[in-house]
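Per chain, numbering begins at 1; letters A, B, ... match sequence-line order. Scope of the values below: all heavy atoms of this structure, side chains included, with no hydrogens, waters or symmetry mates.
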Amino acid sequence: MKLDSKIPEGHISQKWTDYKDHLRLVAPNNRPKIDIIVVGTGLAGASAAASFAEMGYNVKAFCYQDSPRRAHSIAAQGGINAAKNYQNDGDSTFRLFYDTIKGGDYRAREANVHRLAEVSGNIIDQCVAQGVPFARDYGGMLDNRSFGGTQVQRTFYAAGQTGQQLLLGAYSSLSRQIGLGKIDMYNRHEMLELVKVDGKARGIIARNLITGEIERHSAHAVIIATGGYGNVYFLSTNAMGSNVTAGWKIHKQGAYFANPCYVQIHPTCIPVHGTNQSKLTLMSESLRNSGRIWVPKKIEDAQAIRAGKMKPTQIAEEDRDYYLERKYPAFGNLVPRDVASRAGKEVCDAGFGIEANATNEGVYLDFSTEIQSKGKQTAYAKGNHHPTAEEIDSLGKKWLEEKYGNLFTMYQKITDENPYETPMKIYPAVHYTMGGVWVDYNLQSSIPGCFVAGEANFSDHGANRLGASALMQGLADGYFVLPYTVSDYLADDIRTGKISTDLPEFVEAEKNVKETINKFLSNKGSKSVDHFHKLLGHIMWNKVGMGRNEKGLTEAIAEIAALKEEFFKEVYVPGSSDELNPELEKALRVADFIELGQLMAMDALQRKESCGGHFREEYQDAEGETLRDDENFKFVGAWEYKGYDITKEELHKEELNYEFIKIAARNYK
Amino acid sequence: MSAAKNINISLQIWRQKDAKQKGKMETYKLNDVSTASSFLEMLDQLNEQLINEKKEPVAFDHDCREGICGMCSLYINGRAHGPDTGITTCQLHMRMFNDGDTIVIEPWRSAAFPVIKDLIVDRTSFDRIQQAGGFVSVNTSGNTIDANATPINKGDADKAFEAAACIGCGACVATCKNGSAMLFVGAKVSQYALLPQGRVEATDRVLNMVRQMDEEGFGNCTNTGACEIECPKGISLENIARMNREFLSASLK
Ligand SMILES: Cc1cc2nc3c(=O)[nH]c(=O)nc-3n(C[C@H](O)[C@H](O)[C@H](O)COP(=O)(O)OP(=O)(O)OC[C@H]3O[C@@H](n4cnc5c(N)ncnc54)[C@H](O)[C@@H]3O)c2cc1C
Ligand code: SF4
Ligand code: FES
């Protein structure tokens, strides 16, 4: 099959408007004859489900948690971008578009990204209208801050809980429609298979996680909005239940999986504490606005710190290496995430890491300079022009508390250290997956009628994602893109009528799901699901992590294939199928992670260049920066499933054309 | 900071096969728990041990493990979210416990939160309260006015945000001797009452949400304040007072 991205003709600034004007519509009286399934109720799914219901379609929405309000979007801390130019610092739709394309290391689709930038302002208006309490200044206007990879202040936020507030906004719209009876909400339900009829997506098989019942649900279109697959690494900043199952199941049914190797490693997470660790905690990137990142300049000092003989506060200013400010003077501590992450790894690999654990991996994020400057500022603002050192210190800390209080508390609870008094320790961790199901401009996968939104698709971020852009994409997809493009697709379905779940395709799909479940439960293995998940994570982090090379990737592919064999032979899943069974849920998810992990390594191996979050050690310049190969790799790599053996998957290439932005080396110096 | 060490503990955990069957406390021994582990990591460790012994692991709710999704619950040693304040169970760390301790773990107990299995309860009553009015009736059409067209006083915006910070965990209900959901509902009502966008339908909102709350079988508030003490997000009693005022004026209309 040829990959048709369906990007409309015309000037970039007019494409979406013109296109929208010509999409087909479904008349209001016909909409109640049409059913739509939305899997996932994060920002992308909740906003889509609410929008479809408002339009008059019948919607069924699914999530695996006990409430749609708990989708992983809730955890996003830092903020959401929008080109509003409220700060009058030169922001515009074009600039947001440009920054996002550049941030993605020229591996994203121009047309999609421009559309995202175009609707960004609308997202903020919409959320405010819903009662999302964004931060405001004393004049009552919305406040902004800046994030990595940009030189304007375009990030809207609600303390360190932006994702929470945005999701609660979308959840409230969703709740309104549930209350009105326009959405049937299926909590604690997991989609385990897609059902295709005549080649089109026509329904799903879901498991009721409380009773274990396997259910058939039909619809005229299916939207997958199930989030990212970072948990393939076991340790990540993702919620424990985040998984790739829905995306992987549709992949097996014919949806191409694009750029799986693009994973964002976030620079500011709390370092790993030990072998029982179950997940990693992010400290919002917004902290880089106020914190300065450093390690000791002298290796003896780093050693003394690790041995507990010295405290970071005892190291003199001139003995600190503020390596980001040194290497990237223009952006300093605000370089994009991949750049900051790699720089952190580099100093730790060189022996300057400060964490006293097996790996010594950790660097400091220090707020003392900010405490001084903000303390002084606040004192002056209060008319105190001769503040004492104590006054400055206390006012500065108060300022920090107002801005980042919950993050500081969170850090203290986890590490037992007070970040107001001593610098935070941070280290990169797996965070966001830019790859995902391949979709065209309509967000339709290569299966007709199966659309994919939010982090689950590959579309807008390229090889790297700038901060505050995933929330933006999720809501853009759900509120402002899918309502148009899905309606266009459904225009053919006004006479189709209800789709029966008695069709042989449903019977067959249900049978397959039941067989898989029974296979796991009757397996005579002896090892837990987590045992295998941790092994997978280990291979992934070491060989498909921050730096990749041909040898490691080749090894990883073989090792994961072997792990898969062993998993199906040796895994032990307790309990039965007709009850709440978290181990069974995990087993089904890990089976998909293992196969995806192998594909990620294959994708990383074929991409013989470095770009954004994908750093192939063989391809770097003299200064250790990424070396792209635009001649040969300016494409989206979309994989087609070919059966049990993942190495048989076929790579299709969607060439990327940059018509409106001049492609250039990415430079943050 | 205290350096991490390993401790041995004994656990008494509520086991209940499903909603219909009677449950009971079971005792487990667990050794070599790192004090740097979180409480849920300790339970993972217990489950790993149970799975290796071919016994059924303990079911408990959790997802983000970052204190924000509101999914984790657990009544630990007689307190919602355990012996620390201002946190959820996933943020509770084993350094709060000593070598040789016995820890008692129970599910949230409230008529409006029936047990589903072991430590997992059904909190969908919260969703239904929200569906009864916890929203602003604006369509997601993208035709809304510019976000800065309606300035909002910073103090009000901050207060609305503080109320909106509720994570819907249910600790307030679990810890209240009456099983009242007033803190949760008060938080939601307050958020919208404080913002101009939410004022239009404020009257219906409070009446509908309170009616639904009563229908779900939550108890009455007698101002004991236990909810505020155990709330991981510091939602204050002020919100209950604000809801009562809203309710009173709505009832008089
Ligand atoms: C800690 C953290 C902080 C972040 N901070 C920021 C930030 O400041 N700014 C920013 O822009 N982005 C941030 N991000 C990224 C951003 O939050 C996510 O990319 C985004 O929220 C994903 O939204 P989503 O709707 O695609 O998916 P999610 O919110 O992950 O939703 C997935 C949904 O799918 C459901 N689901 C999954 N699988 C199934 C299945 N098989 N069956 C049924 N239901 C299923 C889940 O129940 C859930 O409802 C952050 C991410 C993390 C992890
Ligand atoms: S008010 Fe507090 S305790 Fe109650 S549900 Fe909200 S966050 Fe939890
Ligand atoms: S697991 Fe999300 S709040 Fe505890």
Side-chain angles (χ1 to χ4, degrees), chain A residues 47 50-51 54 65-67 69-70 72 74-75 86 122 124-126 128-131 133 136-142 158-159 161 164-165 168 172-173 175-176 178-179 187 210 239-241 273-274 276-279 281 409-410 413-414 416-417 479-480 528 530 572 574-575 579-580 582-583, chain B residues 1-2 4 18 34 36-37 40-41 44-45 48 51 56-57 59 61-71 86-87 91 93 95 116-117 120 123-124 126-127 130-132 134-140 142 144-148 151-154 157 160-161 164-165 168 191-192 195 197-198:
Chain A
S47 56
S51 304
E54 283 165 12
Q65 292 96 342
D66 68 329
S67 162
R69 66 172 291 147
R70 306 204 205 283
H72 186 49
I74 200 97
Y86 284 158
N122 235 244
I124 305 301
D125 300 340
Q126 182 66 47
V128 166
Q130 285 165 353
R136 291 189 178 254
D137 62 23
Y138 285 100
M141 299 294 151
L142 291 159
Q161 283 135 272
Q164 178 192 29
Q165 293 312 321
L168 292 183
S172 70
S173 292
S175 297
R176 173 171 164 239
I178 297 172
N187 301 328
I210 299 178
M240 298 295 285
H273 68 67
N276 282 332
Q277 184 132 5
S278 60
K279 87 158 280 223
T281 303
T409 311
M410 191 198 258
K413 292 288 179 193
I414 294 173
D416 206 20
E417 284 184 3
Y479 284 143
F480 304 129
S528 71
D530 277 357
Y572 166 62
E579 60 173 345
L580 183 86
E583 284 299 310
Chain B
M1 183 183 89
S2 51
D18 56 40
S34 166
S37 291
L40 299 185
E41 283 164 353
D44 292 341
Q45 198 177 331
E48 188 73 20
I51 291 166
E56 254 221 68
D61 256 339
H62 63 103
D63 201 21
C64 73
R65 296 204 176 186
E66 269 183 30
I68 191 74
C69 73
M71 186 102 173
I87 55 162
Q91 287 177 298
H93 276 69
R95 69 177 80 88
I116 296 174
K117 181 177 185 170
I120 297 182
R123 284 170 285 188
T124 48
F126 271 13
D127 285 324
Q130 180 109 10
Q131 287 152 17
F135 45 75
V136 174
S137 296
V138 56
N139 277 3
T140 60
T144 41
I145 53 166
D146 185 85
N148 259 351
I152 300 177
N153 174 282
K154 180 168 174 5
F161 168 74
Q191 177 195 342
Y192 294 119
L195 294 171
Q197 294 84 2

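If you tally non-hydrogen atom pairs under 4.5 Å between each of B:H93, B:Q91, B:Q45 and chain A, the highest count goes to B:H93. Taking chain B as the reference chain and counting heavy-atom pairs below 4.5 Å, the highest number among A:H273, A:R176, A:Q126, A:K413 is found for A:R176. Counting heavy-atom pairs closer than 4.5 Å to chain A, the top residue among B:V136, B:I152, B:V138 is B:I152. No other option in A:R69, A:H72, A:Q161 has as many heavy-atom pairs under 4.5 Å with chain B as A:R69. Here B:G142 is the residue among B:G86, B:G134, B:G142 with the most heavy-atom pairs under 4.5 Å with chain A. Heavy-atom pairs under 4.5 Å with chain B peak, among A:M410, A:E579, A:M240, A:Q277, at A:M240. Most heavy-atom pairs under 4.5 Å with chain A, from the set B:D61, B:D127, B:N153, B:D18: that is B:D127. Of the residues considered (A:Y479, A:F480, A:Y86), A:Y86 shows the highest number of contacts with chain B, using heavy-atom pairs under 4.5 Å. Interface check for chain B: of the options A:G575, A:G179, A:S172, A:S173, the most heavy-atom pairs under 4.5 Å are formed by A:S172.
Only the side chain of A:N187 comes within contact range of chain B, with at least one heavy atom under 4.5 Å from a heavy atom of that chain. Residue B:A164 touches chain A through both its backbone and its side chain, counting heavy-atom pairs closer than 4.5 Å. Using a 4.5 Å cut-off between heavy atoms, B:Y192 touches chain A through its side chain atoms alone. For chain A, the nearby part of B:I145 is the backbone; its heavy atoms alone come within less than 4.5 Å. For B:L40, no part sits under 4.5 Å from any heavy atom of chain A, backbone or side chain. Residue contact with chain A, scored on non-hydrogen atoms closer than 4.5 Å, involves the side chain of B:D44 exclusively. Using a 4.5 Å cut-off between heavy atoms, B:T124 touches chain A through its side chain atoms alone. Heavy atoms of B:E48 lying under 4.5 Å from chain A belong exclusively to its side chain. Contacts of A:P574 with chain B are made by side-chain atoms alone, with heavy-atom separations under 4.5 Å and no backbone atom involved. For a residue to count as touching a neighbouring chain, one of its non-hydrogen atoms must lie under 4.5 Å from one of that chain's; by this rule B:L195 touches chain A with the side chain only.
The two residues B:S37 and A:N276 make their nearest non-hydrogen contact at OG-CB, 4.1 Å. Between B:A59 and A:L580 the shortest heavy-atom distance is CB-CD2, 4.2 Å. Nearest heavy atoms, A:V128 versus B:A147: CG2-CB, 3.7 Å. Scanning both residues, B:T144 and A:A129, for their nearest heavy atoms gives CG2-CB, 3.5 Å. What you find for A:K279 and B:C64 is that their closest heavy atoms are NZ-O, 2.7 Å.
Annotation: the span from A:R70 atom CZ to B:M71 atom CE amounts to 6.5 Å, rounded to 0.5 Å. In this structure, the separation between CZ on B:R65 and OG1 on A:T281 is 10.5 Å, given to the nearest 0.5 Å. The CG atom of A:D66 sits 7.5 Å away from atom CD1 of B:I116, with the distance rounded to the nearest 0.5 Å. Atoms CD1 and CG, from A:I124 and B:D146 in turn, are 10.5 Å apart once rounded to the nearest 0.5 Å. To the nearest 0.5 Å, the span separating CG on A:D530 from CD1 on B:I51 amounts to 7.0 Å. In this structure, B:N148 CG and A:D137 CG are separated by 8.0 Å, a value rounded to the nearest 0.5 Å.
Not a single donor-acceptor pair under 3.5 Å links the side chain of B:R123 to the backbone N or O of A:S67. Under a 3.5 Å cut-off, the side chain of A:Q130 and the backbone N or O of B:Q197 do not form any donor-acceptor pair. The backbone N or O of B:A165 lies less than 3.5 Å from a partner atom in the side chain of A:Q164, making a donor-acceptor pair. Under the 3.5 Å distance criterion, the side-chain polar atoms of A:R136 are left unmatched by any main-chain donor or acceptor of B:P151.
B:F126 pairs by the ring-ring contact (aromatic ring centres under 6.0 Å, His included) definition with B:F113, B:F184, B:F218, not counting sequence neighbours.
At a cut-off of 3.5 Å, with distance as the only test, a side-chain donor of B:E41 or A:S278 sits close to an acceptor on the other residue.
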